[in-house]
There are 2 protein chains.
Amino acid sequence: MALKISPETYVNQIDNSWPDGVKKTRQRVEIYNILSTAKEPLSAAEIFARVLENNKEAGYAFSTVYRSLLAFEKAGMVTKSVLVSEDTAVYELNSGKIKHYAVCLKCHKKISLKGCPLSNLRPVLSTEGLEDFMVTGHQIEIYGYCKNCRMDMV
Amino acid sequence: MALKISPETYVNQIDNSWPDGVKKTRQRVEIYNILSTAKEPLSAAEIFARVLENNKEAGYAFSTVYRSLLAFEKAGMVTKSVLVSEDTAVYELNSGKIKHYAVCLKCHKKISLKGCPLSNLRPVLSTEGLEDFMVTGHQIEIYGYCKNCRMDMV
DNA sequence: TTTTTAAATGCGAATGATTTGCAGTTAAAT
DNA sequence: ATTTAACTGCAAATCATTCGCATTTAAAAA
C-alpha cells in the first residue's frame with residue numbers, strides 16, 4: 001500500500017538530484033515523481049495520463065509534459081530513447097545504470113537488461129571508419145515475445 | 001563514371017532477389033535500385049527525393065514509397081529501423097549482414113559496424129525475467145560525433 | 001494475345017506524435 | 001515586495017506516416 005506523501009515532502013526528497021538551471025515547478029516535480037516511481041521507461045502520453053489522474057480538474061497541458069521532458073533531458077536528468085518496436089519516444093530518469101531493454105512486440109512490455117552487453121565498447125569501435133568517432137552513447141534493444149504473449153499465440 | 005543501364009537491364013539484374021508475391025512495378029523497381037546502390041540506410045523522404053530526380057515530370061506519390069517499402073519489408077527484402085538519434089525510420093536492403101550503425105548526432109552520417117557485437121546473445125539473455133523471452137531480433141546503435149563534425153565543433 | 005482480376009498507384013485527406021507561438025502565470029533573484 | 005526570465009496553458013502548426021477511394025496495371029487465365 002502506497003504511502004501518502006505531501007507535495008512538499010516530494011520536493012525535499014528530490015532536492016539533491018534536481019539540476020541547477022531547471023526551474024522547479026509543480027508540474028515538473030510531478031513529472032519527476034512519476035518518472036522516479038516508474039518501473040519502465042514511459043512515453044509522454046503515459047506520463048500525461050498519470051498526470052491527469054492526479055489532476056482531475058486542474059488544467060494541465062500535454063505540451064508542458066514535452067517541454068519539461070526536454071528541459072530534463074538537456075539537463076542530463078532524463079534519458080530519451082526511441083525503441084525500434086514502438087513509434088513513440090520513451091523517457092526514464094538518468095540513473096546512470098539500466099539503459100537497455102527487451103521489448104515484447106505484442107504487449108509492449110519492457111524488461112530491463114541487467115548490465116550492459118557493450119560494457120567493453122573498445123573492440124566494437126575498431127571498425128574501420130570509426131577510428132575518430134567520439135562515442136557519446138549507445139543503445140541496445142532486444143525484441144521478440146515475452147512469456148505471456150508466447151502462450152497467447154497458442 | 002557511372003554506366004548507363006536501361007530500365008530493362010535493371011529489372012533483369014534483380015530477378016533473382018525479387019520475392020514471390022510482390023508485384024514488380026516500375027515504381028518498385030526504381031525504389032529497389034535506389035536501395036541497392038545506397039551506401040547508407042535511407043529514409044522514405046530520402047528515397048522519394050531520389051525518385052523525383054529521376055521523374056522530373058511523371059507523377060509519383062510519396063505514399064507509394066511507403067507502401068512499397070512496407071511490401072518489401074513484409075517480404076523480408078528490406079529491413080526497417082528507427083535510430084535513437086533520428087526521428088524517422090530508415091530502410092535498407094536485407095543483405096543478411098550489416099545491421100548496426102554508428103550515427104553522428106550532428107551530420108547524421110551513418111557508419112555501419114562490421115559484424116555484430118551481440119553475436120553471442122545467450123549470455124545477455126541470462127537476465128532474470130528473460131528466461132522465457134523469445135528473441136526475434138535486436139538492434140545496436142552507437143551515437144556520438146564523427147571525425148568531421150568533431151573538427152567543426154572547434 | 002486478349003481478357004480478367006487482384007494488387008498497386010496517385011492524390012488528398014486523416015492520423016498521431018511532437019513542436020511552437022503567444023499571452024498570461026509563477027519561481028526565484030533582487 | 002518587486003522584478004524578470006522562465007514556465008504554463010491553449011490552440012494551431014509540423015512532420016512523418018497511414019488510409020480511402022477511384023483509376024491503372026502487372027500478371028494470371030483463357
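It should be emphasised that the depicted structure is a prediction, and the values quoted were computed from it without experimental measurement. Protein chains get the first letters and strands the later ones, always in sequence-line order, with residue 1 at the start of each.
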Chemist: Output the single nucleotide from dG10(C), dG9(D), dA5(D) whose closest atom is nearest the side chain of R26(B).
Modeler: dG10(C)
Chemist: Can you find an N or O donor on one side and an acceptor on the other, under 3.5 Å apart, linking the side chain of K23(B) with the base of dA8(C)?
Modeler: no
Chemist: Within the 4.5 Å heavy-atom criterion, are F48(B) and Y66(B) side-chain neighbours or not?
Modeler: no
Chemist: With under 30° as parallel and over 60° as perpendicular, where do the rings of F72(B) and W18(B) fit, or are they tilted in between?
Modeler: perpendicular
Chemist: State, to 0.1 Å, how close I31(B) and T64(B) come at their nearest heavy-atom pair, and which atoms those are.
Modeler: CD1-O, 4.4 Å
Chemist: Under 4.0 Å from OP1 or OP2 of dT9(C): is there any side-chain N or O of S68(B) that close?
Modeler: yes
Chemist: Within a strict 4.5 Å, meaning less than it, do heavy atoms of the R50(A) and I47(A) side chains meet?
Modeler: no
Chemist: Please report the closest heavy-atom contact between A44(B) and V65(B), naming both atoms and the distance.
Modeler: O-CG1, 3.9 Å
Chemist: Are any of S63(A)'s side-chain N or O atoms less than 4.0 Å away from OP1 or OP2 of dT18(C)?
Modeler: no
Chemist: Contact class for A71(B) (heavy atom, under 4.0 Å): base, sugar-phosphate, or nothing?
Modeler: nothing
Chemist: Which comes earlier along DNA chain D counting from the 5' end, the contact point of Y91(B) or that of V22(A), where each point is its nearest nucleotide?
Modeler: V22(A)
Chemist: Taking CD from E30(B) and C1' from dT25(D), how many angstroms apart are they, rounded to a whole number?
Modeler: 17 Å
Chemist: Is the phosphate of dC15(D) approached by T88(B) (side-chain N or O, under 4.0 Å from OP1 or OP2)?
Modeler: no
Chemist: Is there a side-chain contact between V22(B) and R28(B) (heavy atoms, below 4.5 Å)?
Modeler: yes
Chemist: Round to a whole Å and report the spacing from NZ of K24(A) to P of dT8(D).
Modeler: 14 Å
Chemist: Which heavy atom of R26(A) sits nearest a heavy atom of G59(A), and at what distance?
Modeler: NH2-O, 4.4 Å
Chemist: Report the distance from atom CZ of R67(A) to atom C1' of dA27(C), rounded to the nearest whole Å.
Modeler: 17 Å
Chemist: Could you check how far CH2 of W18(B) sits from C1' of dA7(C), rounded to whole Å?
Modeler: 14 Å
Chemist: Establish, with yes or no, whether the OP1 or OP2 oxygen of dT26(C) is under 4.0 angstrom from a side-chain nitrogen or oxygen of Q27(A).
Modeler: no
Chemist: Is any side-chain heavy atom of V90(A) closer than 4.5 Å to one of L42(A)?
Modeler: no
Chemist: CG of L69(B) versus P of dC19(D): gap in Å, rounded?
Modeler: 15 Å
Chemist: So, does R28(A) get its side chain near the phosphate of dT8(D), meaning an N or O under 4.0 Å from OP1 or OP2?
Modeler: yes
Chemist: For dG10(C) and T64(B) - does any side-chain N or O of the residue sit under 4.0 Å from the phosphate oxygens OP1/OP2?
Modeler: yes
Chemist: Within the pair Y66(B) and dT18(D), is there a side-chain N or O less than 4.0 Å away from OP1 or OP2?
Modeler: no
Chemist: Rounded to whole angstroms, how far apart are CD on E73(B) and P on dT18(D)?
Modeler: 9 Å
Chemist: Do any of residues 40-53 of chain A sit with a heavy atom less than 4.0 Å from DNA chain C, and if so which?
Modeler: none
Chemist: Atom CG of L70(A) to atom P of dT8(D): distance rounded to whole Å?
Modeler: 12 Å
Chemist: For the pair made of CG in D87(B) and P in dT17(D), what is the distance, rounded to whole Å?
Modeler: 8 Å
Chemist: Where each residue is assigned the nucleotide of DNA chain D containing its nearest heavy atom, which of F62(A) and T25(B) is assigned the position nearer the 5′ end?
Modeler: F62(A)
